[in-house]
Amino acid sequence: MKGKKFIMRETLINNFLRISRIPRESGHEEEIADFFINTAKENNLYYFKDENNNVLIKKKGNIDSDPIALQAHLDMVCVKKEGSNHNFSCDGIEVIIEEDKVTAKDTSLGADQGVGLSMMLTIMEDSSLRHPDLEFLLTAEEETTFNGVVNFPYSQVESKRIINLDNSKDNGVFTGAEGDICNEYIYRAEFIDNDFASYKILLDGFPGGNSGEDVSLSENNAITTMARLLENQDVFLKSINGGTSENDLATFCEVIINTNIDVNNIFKGVNATIKRMDNKVSFSKEDTKNIWNQILDLKCGYITNNKASANLGLIKTEQNKVTIYYVFRSMSERELEMINRKSKNLENHFIVKKIYEDPIWKPDNKSKLLNQYKELYFRKYFEYPKEEIWRGSIECSSLKKRIDDLDIISIGSIIKNYHTIDEVTYISSWIKIYDMLIQLLENI
């Protein structure tokens with residue numbers, strides 16, 4: 001048994017490293033999709049790839065049971081340490097393994113969803129396993145648009161049971177998820193001439209992470225903090241840029257402003273980098289005020305008594321256009337619509353466009369797959385896994401909406417600080433969930 005565990009450990013590590021060598025930024029999944037297609041060819045498995053780089057692979061089983069699918073996304077969130085020369089379009093991740101602990105050098109690790117992908121790869125290539133007919137559904141752009149899972153041709157999928165591997169806790173199981181709406185708020189105005197002194201100011205080093213898991217930190221993210229510091233000051237805004245994704249916490253925010261006051265007093269006691277600039281144009285005082293108001297009126301963190309949540313994770317300026325990306329979530333359709341209406345009526349002269357909307361995934365108390373996993377977990381660990389509602393967007397919601405009578409759960413290994421340069425996962429947790437997954441497939 002000890003030898004078997006060692007082989008399992010080494011195989012999972014090797015497969016994680018194989019996947020980590022392949023660039024797979026959201027929207028650029030061509031190489032990782034082709035890697036899995038080649039794996040299917042080498043193992044004589046059926047494969048299908050659509051125009052969005054979604055991949056479906058099928059493996060014949062040796063157990064008389066209905067087919068079941070494993071599902072994970074191909075892409076990863078790409079962030080790097082300031083000053084790093086890493087190029088996510090062509091460089092693989094430099095993985096660091098220290099006994100049980102796995103991290104990356106100066107970048108996000110991509111354990112979300114590299115761990116799930118490595119498990120699926122291991123199962124694809126192992127002919128000794130016992131399981132029903134398997135389908136491996138690998139989707140693109142989960143970290144950005146959900147374009148992959150939304151547009152996949154599901155007539156290709158036979159399974160009415162899916163195990164999603166996008167959980168980040170090995171002692172729990174996701175049985176539902178909040179619905180969400182992401183809006184884009186656009187502000188355009190003409191610049192005015194401005195001879196006041198100009199400064200570039202950077203706030204950096206704020207806590208990162210996913211706004212679903214770490215939503216309590218969203219209220220004081222870098223963008224909202226910058227707006228609070230400047231909203232009542234005699235300044236003219238030229239540009240504001242911050243954050244990397246509407247779904248993640250904004251760890252930095254940079255502005256260019258013109259003013260005749262001492263900016264060092266404004267940022268006294270704050271970790272800010274201030275540099276003089278040569279800039280002679282800005283938004284007007286009224287336009288500047290409208291932008292600050294919109295940022296602060298779009299509340300972040302928990303925003304209702306029912307614990308609906310919201311995150312302003314990205315703002316960018318292109319010439320004289322400022323765009324805000326704001327996502328809010330709830331388990332209530334009525335509450336989502338109420339928040340949506342309120343956010344559209346702030347009257348700060350912004351144009352509001354819906355970018356996407358994900359349905360609510362409601363728990364199914366009659367889920368056979370959930371009960372099978374719970375009983376298997378109990379037999380092994382003498383306790384039941386924690387049943388949780390995920391506070392964030394997850395592909396299970398879109399799959400549930402698009403496949404009739406689908407039975408779906410989400411499990412996974414421990415991943416901490418994901419979507420940041422401090423991302424970490426643990427090999428012992430990989431082994432725990434892989435072993436659970438294999439036993440579930442054997443006994444389903």
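Hydrogens, waters and symmetry mates are skipped; everything else that's a heavy atom, side chains included, is used. Since this is a predicted model, take the numbers as computed values, not measurements.
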Spacing of NZ belonging to Lys169 relative to CD belonging to Glu388, to within rounding of 0.5 Å: 4.0 Å

Donor-acceptor under 3.5 Å (Asp166 side chain, Ala72 main chain): no

Lys160 vs Asp404, salt bridge (charged side-chain N to carboxylate O under 4.0 Å, His left out): CA-CA, chis, key distance, verdict: CA-CA 8 Å; Lys160 295 293 185 179; Asp404 292 338; 5.5 Å; no

Lys/Arg-Asp/Glu bridge criterion (N-O < 4.0 Å) met for Glu213, Lys416: no

Chi angles and distances behind the side-chain hydrogen bond (donor to acceptor under 3.5 Å, both in side chains) call for Thr304, Glu335: CA-CA 9 Å; Thr304 72; Glu335 191 169 48; 2.8 Å; yes

Pairwise side-chain contact, Ile315 with Thr323, heavy-atom cut-off 4.5 Å (strictly under): no

Any donor-acceptor N/O pair, Asp407 side chain to Leu369 backbone, under 3.5 Å: yes

Parallel, tilted or perpendicular: ring planes of Phe48 versus Phe152, cut at 30 and 60 degrees: perpendicular

Whether Lys400 side chain and Leu406 backbone form a donor-acceptor pair below 3.5 Å: yes

Verdict with supporting geometry, Glu178 and Arg391, salt bridge (charged side-chain N to carboxylate O under 4.0 Å, His left out): CA-CA 6 Å; Glu178 294 176 324; Arg391 291 192 173 276; 2.7 Å; yes

Side-chain ion pair, Glu219 and Lys299, N-O less than 4.0 Å: no

Value rounded to 0.5 Å, distance of CZ in Phe350 from CD in Gln294: 4.5 Å

Intermediate values then yes/no, salt bridge (charged side-chain N to carboxylate O under 4.0 Å, His left out), Lys354 and Glu357: CA-CA 8 Å; Lys354 183 182 288 185; Glu357 180 174 3; 2.8 Å; yes

Arg18 and Glu125 ion-paired at < 4.0 Å: yes

Pairwise distance CZ(Phe206) to OG1(Thr224) - rounded to 0.5 angstrom: 7.5 Å

Main-chain N/O of Asp34 paired to Asn38 side chain as donor or acceptor, under 3.5 Å: yes

Distance under 6.0 Å and angle within 45° of ring axis: Lys432 vs Tyr381: yes

Aromatic ring pairing His349/Tyr187, orientation class (parallel under 30°, perpendicular over 60°, tilted between): perpendicular

Evaluation steps, side-chain hydrogen bond (donor to acceptor under 3.5 Å, both in side chains), between Gln113 and Glu142: CA-CA 10 Å; Gln113 258 271 264; Glu142 188 272 349; over 6 Å; no

Ionic contact status for Glu337 with Arg334, cut-off 4.0 Å: no

Candidate pair Thr225 and Asn220, rule side-chain hydrogen bond (donor to acceptor under 3.5 Å, both in side chains), full reasoning: CA-CA 6 Å; Thr225 300; Asn220 297 307; 5.1 Å; no

Distance in Å, Met436 CE paired with Ile431 CD1, rounded so as to fall on 0.5 Å steps: 14.5 Å

Close side-chain approach of Gln156 to Glu135, heavy-atom, < 4.5 Å: no

Ionic contact status for Lys380 with Asp435, cut-off 4.0 Å: yes

Ser65 side chain vs Pro132 backbone, donor-acceptor pair below 3.5 Å: no

OH (Tyr356) with more than 12 external heavy atoms under 6.0 Å: yes

is_close_aromatic(Phe174, Trp361), centroid dist under 6.0 Å: no

Backbone of Leu129 reached by a side-chain donor or acceptor of Asn62 within 3.5 Å: yes

Atom pair CZ (Arg9) and OG1 (Thr11), whose distance is rounded to the nearest 0.5 Å: 11.5 Å

Residue pair Asn52, Asn151: steps toward the side-chain hydrogen bond (donor to acceptor under 3.5 Å, both in side chains) verdict: CA-CA 8 Å; Asn52 295 308; Asn151 293 301; 5.4 Å; no

Between CD1 on residue Ile339 and CG on residue Asp180, distance to nearest 0.5 Å: 11.0 Å

